[in-house]
Structure formats: structure tokens, C-alpha cells
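Side chains are part of it too, since the values below use all heavy atoms of this structure and drop only hydrogens, waters and symmetry mates. All chains are named by letter (A, B, ...) in the order of the sequence lines, taking the proteins before the strands, and each is independently numbered beginning at 1.
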There are 2 protein chains.
Amino acid sequence: MKLEPHNNGDATRERILDEAERLFAQKGYDAVTVREITSAAGAHLAAVNYHFSNKENLYLEVFRSRWMQRALKMRQPLLELEQRDDFTAEDVVRTLARAFLAGDLTAEQRQRHSLLASREMGNQSGVFKLLAQESMVPFMDLVVRLWQRCLPRPMAVESLELIALSIFSQVLYFNFARPAVSLVTGREYDTEFVEQLVDHITNFALHGLNGDETQ
Amino acid sequence: MKLEPHNNGDATRERILDEAERLFAQKGYDAVTVREITSAAGAHLAAVNYHFSNKENLYLEVFRSRWMQRALKMRQPLLELEQRDDFTAEDVVRTLARAFLAGDLTAEQRQRHSLLASREMGNQSGVFKLLAQESMVPFMDLVVRLWQRCLPRPMAVESLELIALSIFSQVLYFNFARPAVSLVTGREYDTEFVEQLVDHITNFALHGLNGDETQ
DNA sequence: TTGACATACGAACGTTTGTTCGATACAAAC
DNA sequence: GTTTGTATCGAACAAACGTTCGTATGTCAA
């Protein structure tokens, strides 16, 4: 009856991580049960405690080995931009918006990413500290650094930080609040709409309400 | 030993609603227990089921009788603006930002409001539908209407909706993600910083990165 | 004083929760 | 073939969960 060999390598562990991330993003930590995770992963109930000692550590591991890795991937386009010697402020914003909304991850992965992040933004748990210190702060610093290199006239770091946060709040929101956005705009998150969103965020971040429409 | 009379009017009910809202905002629905709520409210465990039939209905009632009422209050300044016959796009944005970040509610109430909202933005529960249909959509419509009356040249409704969502995402984020914002900026949410945030959002929404600094 | 009514209380219910533990099955090493 | 180590399994645990129910205590009208 049993198809899988017992010496599975890390196959079961990985499957549990996958399903755990999916369910944690969808429902939040407390709404998900260990039985739900292991059942979805086709694993035994006790597998969570065997591979991750306990539920809380599994949650932490989701961030350490899944979320962080994806955060690095999403930072990559900006790092590549940093290598170039000519780029504009628009390049920076567009690259950022594209990385979060239309990068090479799947749509589901992006939503997961933002949902998990937004769930941790409110409290001050250990996961939040990891997420903020290891991902958010370096990301903000990078964006500010890029702007300082390409803006025609210098701006205060404090102002640039706030602007970076404003843009960040938008890409986060347009990802994790999809039901709300779809309801207000009446649009589905198809390729066309996502491209429009990238354009909008770029435009808005550059010129605000007074910006020219590029589309 | 008992100080409160048994015929309490709705005092116990109200106390439970208060503590329930506070705890739901802080921890989320599933992380809060009925015992925790009633204990914080100084009420009996069974009081929740007596006054609200069950936990889920208590959660719904928090939104119906607390959250909605506050949402109306926060819309008020914009409705007053609508009565005037002269106002600028800056007035609209500043009034909106001020209502969410520095209105006459307490700082804690504003954070609660945004935390509860952000928790419901991700899923499609019944509470979300209530929140979106009864509060968010009318709010967006109002903002778009105001802009259409005062902008020098007409803009497409779709563009204005996206801009309204962008501003909304910022005021929401700067409220519910206070730990993250404080960590990145190194600032506490004192009066001065909140005023700076209102200025920033207004400025950013009007001119984006290219905006003049008014401060 | 009595009755009806609303609220609060104590105590328990059945279920679900995360976790534990010993037994079992398999692969690789000796 | 035996041993060793890793992974899975079945079964159970104690604790915590939301909920229920009968009773007690108060208020107010008759």
C-alpha cells in the first residue's frame, strides 16, 4: 500500500513546508491546524513534530527557507539595476513595482508572499524582526541608494525613506488585498491589469495626481 | 463581593465589545479566545454566548457596531469638504490623510481600525463584503467625485480609482504597520511624526518623487 | 409580597488542539 | 545476516477550545 520509501530524503519535509506556507498565507497561523497541513501534504500527523519539532518552528521555517529566498529573488532586479551606470528614477520605481507585481514568480507565489508579510507587519513577533531586519530594511536602503544616484537634485534621506515606504505599501496592498482591489475596480488580476498597475504605480510615484498618463 | 447589579442594561455587552475589538485587532480572530475576552471585560465566560449567541457573531458585531461607526466618522471631514464650493485636490488628499492618521480619534482607535481592516482585506469572508460594500466603495466613490469637481483637467475614472486605492493603501499601511515603519524610519508615532506623515502623503500623492518639499 | 423577566453565575459538556511515545518499516553499512 | 540510523505510523495524551444548561440573583411591575 505504501508507495513512498521510508528514507525519503527531505521530500516529506519539503511537501509540508509547501502546504504550510500556502495555508498559513491563506488563513493565518492560528486558523491552520497541524492536521490540516500534514493531511494536505500527504504526510503523517506526527511528521511536523518530527521534522520541525513543533508548529511554531514550522512557521518560522516557512519564513526562513521559503519567504526569505523569494524576497532575495524579488530584490535581484534592483541589484542588477545598481550594476548599471545609467538609470533613471523611473527605472527604479518601475523595476520595483514589476518585481512585486509582475516578476517571474507565479501570481500565487506573489500573493502568498505579500499575505505572509502583511500578517507579520502588525505585530512585533520574532518572525517580524527577521522579516524586517533581513529583508525590509536592506530593501529600503537599496532603493534610497539608487535614487540618490540618479535623482537630478538631492533629497533628504528621510523623505526618500517615506517615499520608499509609500511605494512599498502600494505593491504590498495591490498583492494582498486583491479581493478589495478587484471589487473596487471591477477588474480581474489578468496580465493586462497587472501591467496597468505597474504603470500606475510608476506614474503615481513619479508625478502623483498631476502625472501625465503614459498609457 | 459583586459590585455590579445584575440588570446591567447593556454595560456588560458594551465592555465585551470593547475588549473583543481590541483583542481581535491585536491578535486576529483565531488567536483570541472567548475566555480571554470575557476575562478582560470582567464578565462571565458564558456572557459572550448570552449576548452574542456565539464567538463568530461577536466578531461580526464588532464590525457592525464599532468599526462601521468609526468609518463613518472618518468619512465625515470629506463629506464636509463636499459641501463647500471651493476646494483643491490637495485639500481632498490632505483631508483624507488627516482623517486616517490624525483625526479626532485616539491613536489606538486608528490603529485598531486599520488592523481590523487589513486582516479582512485578504480573504472574502462575510465581514469583508460588509466592509468593502458599505464602507470602502462609498469612500472611493466620494474621493473620485471630489477630484472630478476640482481637478483642472478631467481624468479617467479608472485612473482616479487607482490613485484613490494607492492613497488608501498608504494610510492603511502607515497605521497598521507601525512597528515596521518605526523600525525603518527610526521614528516614534508622536504628533510631530504623524504630521510629517500627513504632509508626506499629501505631497507624494500630488507630485510624487518630483514634488516640492513643503516642510 | 408576589410574579415575570433579564442577567450573571458555576459547572460541565463534547470536540479539537498540539504534542508525545513506542512500535514498525525501510535503506545503507558492516 | 546483523546492526544502525532515519523516517513513518498508530494511538494516545493532557490541555484548551466554544458552547450549553440549570440555577441563582438581581430589577421592575402588578
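Using a 4.5 Å heavy-atom cutoff, the side chains of B/Pro179 and A/Met121 are not in contact.
Here D/dG18 presents its C1' atom at 12 Å from CD of B/Glu56, a figure rounded to the nearest Å. Whole-Å rounding puts the B/Ile16 CD1 to D/dG18 C1' distance at 14 Å. Distance, B/Phe52 CZ to D/dG18 P: 15 Å, rounded to whole Å. Rounded to an integer number of Å, the gap from CZ of B/Arg35 to P of C/dC13 is 14 Å. The nearest whole Å value for the distance from the CD atom in B/Glu14 to the P atom in C/dA8 is 12 Å. We find that CG of B/Asp30 is positioned 14 Å from C1' of D/dA16, with the value rounded to whole Å. The interatomic distance linking A/Lys55 (NZ) with C/dT19 (P) rounds to 8 Å, in whole Å. Atom-to-atom, NZ of B/Lys27 to P of D/dA16 comes out at 14 Å; the value is rounded to the nearest Å.
Picking from D/dA7, C/dT7, C/dT19 the nucleotide with the shortest atom distance to the side chain of B/Tyr50 gives C/dT7.
When all heavy atoms of A/Leu165 and A/Met136 are compared, the closest pair comes out as CD2-CE, 3.8 Å.
In this structure, B/Thr12 reaches the C/dA8 phosphate: one of its side-chain N or O atoms is under 4.0 Å from OP1 or OP2. For D/dT6, neither phosphate oxygen OP1 nor OP2 lies less than 4.0 angstrom from any side-chain nitrogen or oxygen of A/His51. B/Asn49 has a side-chain polar atom (N or O) that falls below the 4.0 Å cut-off from OP1 or OP2 of D/dT19.
For B/Thr191, the side-chain contact (heavy atoms from CB on, under 4.5 Å) test picks out no residue, with sequence neighbours left out.
Salt-bridge formation is detected for the pair B/Asp18/B/Arg66: a Lys NZ or Arg NE/NH1/NH2 atom is positioned less than 4.0 Å from an Asp or Glu carboxylate oxygen. Note on A/Asp199 versus A/Arg94: salt bridge recorded, some NZ/NE/NH1/NH2 to OD/OE distance being below 4.0 Å.
Within a heavy-atom distance below 4.0 Å of DNA chain D, the residues of residues 37-47 of chain B found are B/Leu45, B/Ala46.
Ring geometry for A/Tyr29 against A/Tyr59 counts as perpendicular: the plane angle is over 60°, on a 0 to 90° scale with 30° as the lower cut.
In this structure a side-chain-to-backbone donor-acceptor pair under 3.5 Å is present from B/Ser118 to B/Ser114.
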